[in-house]
There are 2 protein chains.
Amino acid sequence: MKDKYEVLKLENQLCFPLYVCSKEIVKRYKPFLDAIDLTYTQYIAMMVLWEHKEMNVKELGSYLFLDSGTLTPVLKKLEQKGYITRKRDSDDERVLHVAITEQGEALKDRAIEIPAQIGRCVQLELEDAQKLFEITYKLLGTFGEE
Amino acid sequence: MKDKYEVLKLENQLCFPLYVCSKEIVKRYKPFLDAIDLTYTQYIAMMVLWEHKEMNVKELGSYLFLDSGTLTPVLKKLEQKGYITRKRDSDDERVLHVAITEQGEALKDRAIEIPAQIGRCVQLELEDAQKLFEITYKLLGTFGEE
DNA sequence: GTAAATTAAATTGTATACAATAGATTGAAA
DNA sequence: TTTCAATCTATTGTATACAATTTAATTTAC
């Protein structure tokens with residue numbers, strides 16, 4: 001008879017390899033991101049702003065699945081570096097607008113090679129990468145609902 | 001013509017949904033792990049020790065993809081709680097052996113329902129879960145090589 | 001029109017992660 | 001055997017994450 005504790009073995013967990021893959025890939029970004037003086041969290045925040053130019057903290061958080069507790073210090077750093085501005089909404093002082101600066105815009109050209117560089121670091125066949133992308137996005141879609 | 005910055009859009013990244021899925025699932029462990037007073041990192045360390053009873057920090061780190069910088073405080077916490085012991089190897093004082101205690105062993109019975117509870121929280125079809133497991137483990141296998 | 005509820009950010013506290021370094025011990029090489 | 005290199009754990013410093021709370025502003029109820 002099978003050990004009833006089989007379900008508690010690390011190798012039988014689904015979350016664990018996901019957690020490791022996430023960490024390991026993020027780690028591989030480091031040398032490339034160091035070159036443009038960004039952390040991974042700062043990088044994904046910049047990605048949203050490269051695309052949308054302007055956004056408040058709440059919206060940005062819903063894109064990134066991060067709350068203000070995480071974003072506030074990240075955005076202050078990006079402001080210090082001159083890549084974004086932070087300004088309160090004049091109609092609703094609770095809301096803080098984050099907007100990309102020229103300097104932040106310029107950073108885009110220095111970042112453009114990163115996705116391909118990471119692609120070369122991560123040894124995954126195209127088919128697997130596509131499937132992984134598909135499944136994780138499907139899962140991610142279930143998180144908003146509660 | 002397609003925007004050359006397309007590759008920098010958040011929605012075109014593979015790492016991002018992986019990173020979000022990992023975080024969101026780990027978050028879902030919290031209420032269940034709170035009930036047995038473990039954090040996620042403590043939980044996966046205990047999983048290895050439930051299975052192997054005894055192990056040094058280096059080995060444990062290679063199972064968990066964590067270094068001593070992360071593990072040292074985690075293991076000290078588990079020792080405080082009485083779930084493990086930490087003892088230097090008498091032949092090689094550099095090595096620290098971690099071993100499960102009776103109390104740690106007993107915790108296994110309180111944890112045994114957690115995998116099924118998480119399974120009910122995560123809305124993923126069996127086929128997708130299997131595929132995700134397969135791909136992430138394949139990827140994880142490429143990390144050791146460098 | 002004002003009290004109560006809600007909302008958005010920020011703050012606080014705890015727990016990871018990890019790079020880099022340090023400290024101690026052991027192994028290897030000469 | 002003694003010096004140098006390698007190994008293992010711990011420490012330090014930085015940056016997340018997130019729960020819980022706080023603060024300030026706005027909205028809703030009445």
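Values below: every heavy atom of this structure, side chains too, minus hydrogens, waters and symmetry copies. First the proteins, then the strands, lettered A, B, ... as listed; each starts at 1.
The ring-ring contact (aromatic ring centres under 6.0 Å, His included) pairs that include a residue from residues 14-38 of chain B are A/Tyr40-B/Tyr19, B/Tyr29-B/Tyr40, B/Tyr29-B/Tyr43, where partners are two or more places apart or lie in different chains. Within the structure, salt bridge (charged side-chain N to carboxylate O under 4.0 Å, His left out) contacts touching residues 10-21 of chain B (residues at least two apart or in different chains) do not occur. For residues 34-46 of chain B, the salt bridge (charged side-chain N to carboxylate O under 4.0 Å, His left out) pairs, not counting sequence neighbours, are B/Lys30-B/Asp34, B/Asp37-B/Lys81. Within the structure, the salt bridge (charged side-chain N to carboxylate O under 4.0 Å, His left out) test picks out no pair touching residues 110-122 of chain B (sequence neighbours left out).
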Review item, side-chain donor-acceptor pairs of residues 48-58 of chain B, under 3.5 Å, at least two apart:
| unit_1 | atom_1 | unit_2 | atom_2 | d |
| --- | --- | --- | --- | --- |
| B/Trp50 | NE1 | B/Gly104 | O | 2.9 |
| B/Lys53 | NZ | B/Trp50 | O | 3.2 |
| B/Lys53 | NZ | B/Glu105 | OE1 | 3.3 |
| B/Lys53 | NZ | B/Glu105 | OE2 | 3.4 |
| B/Glu54 | OE2 | B/His97 | ND1 | 2.7 |
| B/Asn56 | OD1 | B/Lys58 | N | 3.0 |
| B/Asn56 | OD1 | B/Glu59 | N | 2.9 |
| B/Asn56 | ND2 | B/Glu59 | OE1 | 3.4 |

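Distance, B/Glu59 CD to D/dC8 P: 10 Å, rounded to whole Å. Spacing between atom CG of A/Asn56 and atom P of D/dT26 amounts to 14 Å, rounded to whole angstrom units. To the nearest angstrom, P of D/dC8 lies 13 Å from CG of B/Leu96. The interatomic distance linking B/Asp37 (CG) with D/dA19 (P) rounds to 17 Å, in whole Å.
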Spell out protein contact along nucleotides 12-25 of chain C as letters: B when the base is contacted, S when just the sugar-phosphate is, - when no protein heavy atom is under 4.0 Å; keep the 5' to 3' order.
---SSBBS----BB

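Looking at residues two or more places apart in sequence or on another chain, you find no side chain to side chain donor-acceptor pair (under 3.5 Å) involving B/Lys76. Residues satisfying the side chain to side chain donor-acceptor pair (under 3.5 Å) test with B/Arg86, not counting sequence neighbours, are B/Glu79.
No cation-pi contact links B/Lys23 to A/Phe65, judged by a cut-off of 6.0 Å to the six-membered ring centre and 45° from its axis.
Inter-axis angle, ends of the helix from C/dG1-D/dC30 to C/dA30-D/dT1, five pairs per end, rounded to 10 degrees: 10°.
Look at B/Arg86 and you won't find any side-chain N or O under 4.0 angstrom from OP1 or OP2 of D/dC8.
Taking the nucleotide of DNA chain D with the nearest heavy atom to each of B/Arg88 and A/Ser90, the more 5' of the two is matched to B/Arg88.
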